[in-house]
Participant: 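Let me begin by handing over the structure; questions about it come next.
Atom set for the values below is all heavy atoms of this structure, side chains included, hydrogens, waters and symmetry mates excluded.
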Amino acid sequence: MSSGDATADARRRVLAGIGLAVAASASFAVLDSTVKYLTQTYPSPLVAWGRYAFHVALMALLLAPRRGLSLLSTRRPALQVARGVFLGMSSITFFGALATMPQAEATALIATSPILVTVVAVRWLGERAPRGTWVALAASFAGVMLIIRPGSSLFGISALLPLLAAVFAAGYSLLTRRLAGVDDGVSTLFIGGLVATVLLSGLVPIYWTPPVSWWHVLLLVFAGLVGAGGHLLLVRAYERANASTLAPYTYMHTVAALGTGWLVFGTFPDGPALAGMALIVATGVVMALSRRN
């Protein structure tokens, strides 16, 4: 293969990775709408459990016949368990936020997680701070305040849920980075879902509510399918392009949430909230681009 062909092939792989990352973001927005719809009838912890229970069941059904116990193969079991715990906690807090807040605003608030990842990596993991890190943190905080500003309907204890979810998501992302290249991506996806299912199963007896209709059961299955599919799309995206290249495109989740929130629930952020969302997304994209230089 000539150098020109190799360059063209590398470019195609990067473009494919970007396309997969955008598709994953759209999948997560659809998942969020499904979850928000279900939390209008069922407790959010029960919906979170169902999302991961069907995630694991579908992966086992599709992959176990071919991969067997290799789905559970890991060199770092403690990190995998910790990652699954952070994943479960981020979901239960974010699903709680979706139950009480408009989808787009909740999604924008959890989008502060990448900035938190950068701050933690610099403060505790000894990584070099990209230029403008602290300005970006301040700008993200300003964006948060525009969304949950005093006097708005979102200002209250419920606004803490997506911010808490962002903290857990930051821990999940850091552990995912630590496991990249150590364990197989599909195994990491399965183990994380399994740990989250086991963790959330302890809440099922407390929050159990019988299904109101077969349609709701199908929606839970759909949530598991879309959630697992979205994470698998991300795994495949990272196989084709590096994290710094893909990071700006993961903010399409917030953009897609604007559309799905409006189409499904008829809600759309007001002017200040839109400005806050734009500030958070722009800050994250700029920081992601700065890490590539």
Participant: Does Tyr42 reach the main-chain N or O of Val212 with its side chain, forming a donor-acceptor pair under 3.5 Å?
Facilitator: yes
Participant: Enter the distance from Phe265:CZ to Leu98:CG here, rounded to the nearest 0.5 Å.
Facilitator: 8.0 Å
Participant: Output the distance between atom CZ (Phe222) and atom OG1 (Thr34), rounded to the nearest 0.5 Å.
Facilitator: 5.0 Å
Participant: Side chains of Ser201 and Trp49: any donor to acceptor distance under 3.5 Å?
Facilitator: yes
Participant: Go through the steps to decide whether Leu163 and Ile110 satisfy the test side-chain contact (heavy atoms from CB on, under 4.5 Å), and finish with yes or no.
Facilitator: CA-CA 6 Å; Leu163 297 175; Ile110 200 174; over 6 Å; no
Participant: Main chain of Ala99, side chain of Lys36: is a donor-acceptor contact present, judged purely on distance under 3.5 Å?
Facilitator: no
Participant: Are the side chain of Thr209 and the backbone of Tyr207 linked by a donor-acceptor contact shorter than 3.5 Å?
Facilitator: yes
Participant: Can you hop from Ile206 to Leu46 via hydrophobic side chains spaced under 4.5 Å?
Facilitator: yes
Participant: Determine, stepwise, if the pair Gln103 / Thr260 fulfils side-chain contact (heavy atoms from CB on, under 4.5 Å).
Facilitator: CA-CA 8 Å; Gln103 180 184 345; Thr260 55; 2.9 Å; yes
Participant: Would Ile191 end up clustered with Val186 when hydrophobic side chains under 4.5 Å apart are linked, directly or stepwise?
Facilitator: yes
Participant: Could you walk me through whether Met59 and Leu194 pass side-chain contact (heavy atoms from CB on, under 4.5 Å), step by step?
Facilitator: CA-CA 10 Å; Met59 284 195 71; Leu194 181 62; over 6 Å; no
Participant: Please report the closest heavy-atom contact between Ala104 and Leu258, naming both atoms and the distance.
Facilitator: CB-CD2, 3.8 Å
Participant: Nearest 0.5 Å, what's the CZ-CG distance between Phe190 and Leu63?
Facilitator: 8.5 Å
Participant: Should Leu161 and Met89 be counted in the same cluster of Ile, Leu, Val, Met, Phe, Trp and Tyr side chains packed under 4.5 Å apart?
Facilitator: no
Participant: Starting at CG of Leu174, measure out to CG of Leu179 and round the result to the nearest 0.5 Å.
Facilitator: 11.0 Å
Participant: Does the distance from a Lys or Arg side-chain N to an Asp or Glu carboxylate O, for Asp184 and Arg67, drop under 4.0 Å?
Facilitator: yes
Participant: Should Val217 and Leu31 be regarded as members of a common hydrophobic cluster, given that ILVMFWY residues are connected when their side-chain heavy atoms come within less than 4.5 Å of each other, either directly or indirectly?
Facilitator: no
Participant: Could you check Phe86 against Leu175 for side-chain contact (heavy atoms from CB on, under 4.5 Å), going step by step and ending with a plain yes or no?
Facilitator: CA-CA 9 Å; Phe86 275 107; Leu175 289 170; 3.6 Å; yes
Participant: Would you say CG of Leu69 has more than 12 non-hydrogen atoms from neighbouring residues, nucleotides or ligands within 6.0 angstrom?
Facilitator: no
Participant: Say whether, by atom type as modelled, one donor and one acceptor occur between the side chain of Thr39 and the main chain of Gly96 under 3.5 angstrom.
Facilitator: no
Participant: Check whether Thr112 reaches the backbone of Ala108 with its side chain - one donor and one acceptor, N or O, closer than 3.5 Å.
Facilitator: no
Participant: In terms of side-chain heavy atoms, does Ser91 have a donor or acceptor partner in Arg51 at a distance below 3.5 Å?
Facilitator: no
Participant: Please report the interatomic distance CE(Met277) to CD1(Ile280), rounded to the nearest 0.5 Å.
Facilitator: 8.0 Å
Participant: Side-chain donor-acceptor pair under 3.5 Å between Asp183 and Thr74, yes or no?
Facilitator: yes
Participant: Do the rings of Phe28 and His253 sit parallel, tilted or perpendicular, given the 30° and 60° boundaries?
Facilitator: tilted
Participant: If I take atom CG from residue Leu220 and atom CG from residue Leu225, how far apart are they, to the nearest 0.5 angstrom?
Facilitator: 12.5 Å
Participant: Taking the inter-plane angle between the rings of Tyr172 and His231 on a 0 to 90° scale, is it parallel (under 30°), tilted (30 to 60°) or perpendicular (over 60°)?
Facilitator: perpendicular
Participant: Go through the steps for Thr176 and Arg83 under the test side chain to side chain donor-acceptor pair (under 3.5 Å), then give the verdict.
Facilitator: CA-CA 7 Å; Thr176 300; Arg83 177 182 175 276; 2.9 Å; yes
Participant: Tyr52, Trp208: one ILVMFWY side-chain cluster at the under-4.5 Å cut-off?
Facilitator: yes
